[in-house]
Amino acid sequence: MKLKVLEGHLGEISGFTKPKVEYEQYETPSHIAAVALYTMQTQFEALESKLVLDAGCGPGMLSCGASLLGAGTVTAVDIDGESLDILKENIEFTEVDNIDIIQCNFLCPEMYRCENYFDTVVMNPPFGTKNNAGIDMKFLKMGLDLSCDSVYSLHKSTTRSHIQKRIKEWGVKGSVIAELRYNLKSSFKFHKQHSKDIAVDLWRLHHS
């Protein structure tokens, strides 16, 4: 599947209806999701026939995209039931049949039952603003614990040096494999601008 075709499919699926500020629910733009997933597959063969986990999946932009690019199975995990209801609709719309949905807190201890289970973990984690400081790093570390190969994660470019430091502490390897622009639309009352352009890094972390 070509990049433009993938982006076209993703551009048609539904996003959050009532985003919740406590979960930092910002939609992954279809262009960002398509480029990220296409990069994962074409450069690292990280999706086709692989066991994929989408951590904090929301309405499933990354889950559906991974499935469309040939993932073996996709496990979509999110704490919010309303988001997962939208994901179910998106699964029907895209006519994919290999996405398993789990409603739980991705950071809960029960997730360690899947330690080193997934080939590829993908995520657009909470950026760690407001009352969630540090949650982005917690997501990243959990993703590493659950993956037997690689984690692909989107983070604000301003956190690059911090992530490099944490990678060194964790004893894993990682690099930025794509630099993207995230046009963040106003979602909550405290947003003063209609939209904001944010520089975003797509990271690849792996154990060896």
Side-chain angles (χ1 to χ4, degrees), residues 1-42 46-104 106 118-127 139 143 151-156 178 180-188 191 194-198 200-203:
M1 183 179 292
K2 292 184 178 180
L3 176 59
K4 285 187 177 180
V5 176
L6 176 63
E7 186 176 346
H9 283 302
L10 296 182
E12 294 178 346
I13 71 174
S14 301
F16 296 107
T17 51
K18 296 179 181 178
K20 298 178 176 66
V21 65
E22 63 268 29
Y23 298 143
E24 291 190 62
Q25 291 180 335
Y26 300 102
E27 290 177 23
T28 307
S30 57
H31 172 68
I32 293 249
V35 171
L37 292 164
Y38 195 76
T39 301
M40 295 174 204
Q41 177 55 31
T42 57
L47 299 174
E48 189 174 354
S49 302
K50 303 294 186 180
L51 295 176
V52 178
L53 169 67
D54 182 1
C57 63
M61 182 72 75
L62 294 175
S63 292
C64 292
S67 181
L68 288 167
L69 286 175
T73 60
V74 179
T75 301
V77 177
D78 202 280
I79 195 172
D80 181 41
E82 292 181 11
S83 296
L84 296 178
D85 287 339
I86 301 170
L87 170 55
K88 292 172 187 174
E89 296 174 4
N90 287 331
I91 288 172
E92 291 183 13
F93 180 78
T94 52
E95 299 181 339
V96 296
D97 59 3
N98 62 342
I99 298 177
D100 298 322
I101 296 173
I102 299 175
Q103 182 178 358
C104 73
F106 178 64
F118 298 96
D119 297 309
T120 302
V121 177
V122 300
M123 64 175 79
N124 181 13
F127 282 158
F139 262 69
V151 178
Y152 298 83
S153 187
L154 292 162
H155 297 267
K156 288 191 294 185
L180 306 162
R181 304 297 300 186
Y182 194 133
N183 186 256
L184 187 63
K185 293 181 180 179
S186 177
S187 304
F188 304 109
H191 287 160
H194 178 68
S195 65
K196 189 175 182 180
D197 200 39
I198 299 174
V200 174
D201 292 337
L202 173 62
W203 280 87

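Any value given below was found using the heavy atoms of this structure, including those in side chains, with hydrogens, waters and symmetry copies removed.
- In summary, the side chains of D78 and S83 do not present any donor paired with an acceptor at a separation below 3.5 Å, with no hydrogens or angles considered.
- Side-chain contact between V96 and V74 is absent, with no heavy atoms from C-beta onward closer than 4.5 Å.
- The nearest pair of heavy atoms linking M123 to G143 is CE-CA, 4.0 Å.
- Atom-to-atom distance recorded for E95:CD and F93:CZ is 9.0 Å, nearest 0.5 angstrom.
- Of the inter-residue distances, the one linking I198 atom CD1 with K156 atom NZ reads 6.5 Å to the nearest 0.5 angstrom.
- The two atoms that bring L53 and F106 nearest to each other are CD2-CE1, 3.8 Å, heavy atoms only.
- Note that the CD1 atom of I99 and the OG atom of S67 stand 4.5 Å from one another [nearest 0.5 Å].
- No donor-acceptor pair under 3.5 Å is formed between the side chain of D100 and the backbone N or O of T75.
- Note that CD of E92 is 10.5 Å distant from CG of L87, once rounded to the nearest 0.5 Å.
- The CE atom of M1 sits 5.0 Å away from atom CG of L68, with the distance rounded to the nearest 0.5 Å.
- With sequence neighbours left out, the side-chain contact (heavy atoms from CB on, under 4.5 Å) criterion links N90 to I13, S14, P59, C64, I86.
- Of all non-hydrogen atoms in A71 and N98, the two that sit nearest each other are O-ND2, 2.7 Å.
- When every heavy atom of P29 is checked against every heavy atom of M61, the shortest pair comes out as C-CE, 4.5 Å.
- We find the NZ-CD distance between K50 and Q41 to be 8.5 Å, quoted to the nearest 0.5 Å.
- Using a distance-only test at 3.5 Å, with no hydrogens or angles considered, a donor-acceptor pair links the side chain of E27 to the main chain of F16.
- For the pair L84 and C57, the minimum side-chain heavy-atom distance is below 4.5 Å.
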Exercise. Go through the steps for Y152 and L47 under the test side chain to side chain contact (heavy atoms under 4.5 Å, CB included), then give the verdict.
Key: CA-CA 11 Å; Y152 298 83; L47 299 174; over 6 Å; no
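- Nearest heavy-atom pair, T42 versus Y38, reported as atom, atom and distance to 0.1 Å: OG1-O, 2.7 Å.
- Contact annotation: the side chain of I101 approaches that of K88 to within less than 4.5 Å [non-hydrogen atoms, C-beta and beyond].
- Taking both residues in full, the closest heavy atoms of D80 and Q103 are given as C-NE2, 4.1 Å, listed atom of the first, atom of the second, then distance.
- With L62 as reference, D54 is the one residue of L10, I32, D54 to meet the side-chain contact (heavy atoms from CB on, under 4.5 Å) rule.
- With D201 contributing its side chain and H155 its backbone, the two residues share no donor-acceptor pair below 3.5 Å.
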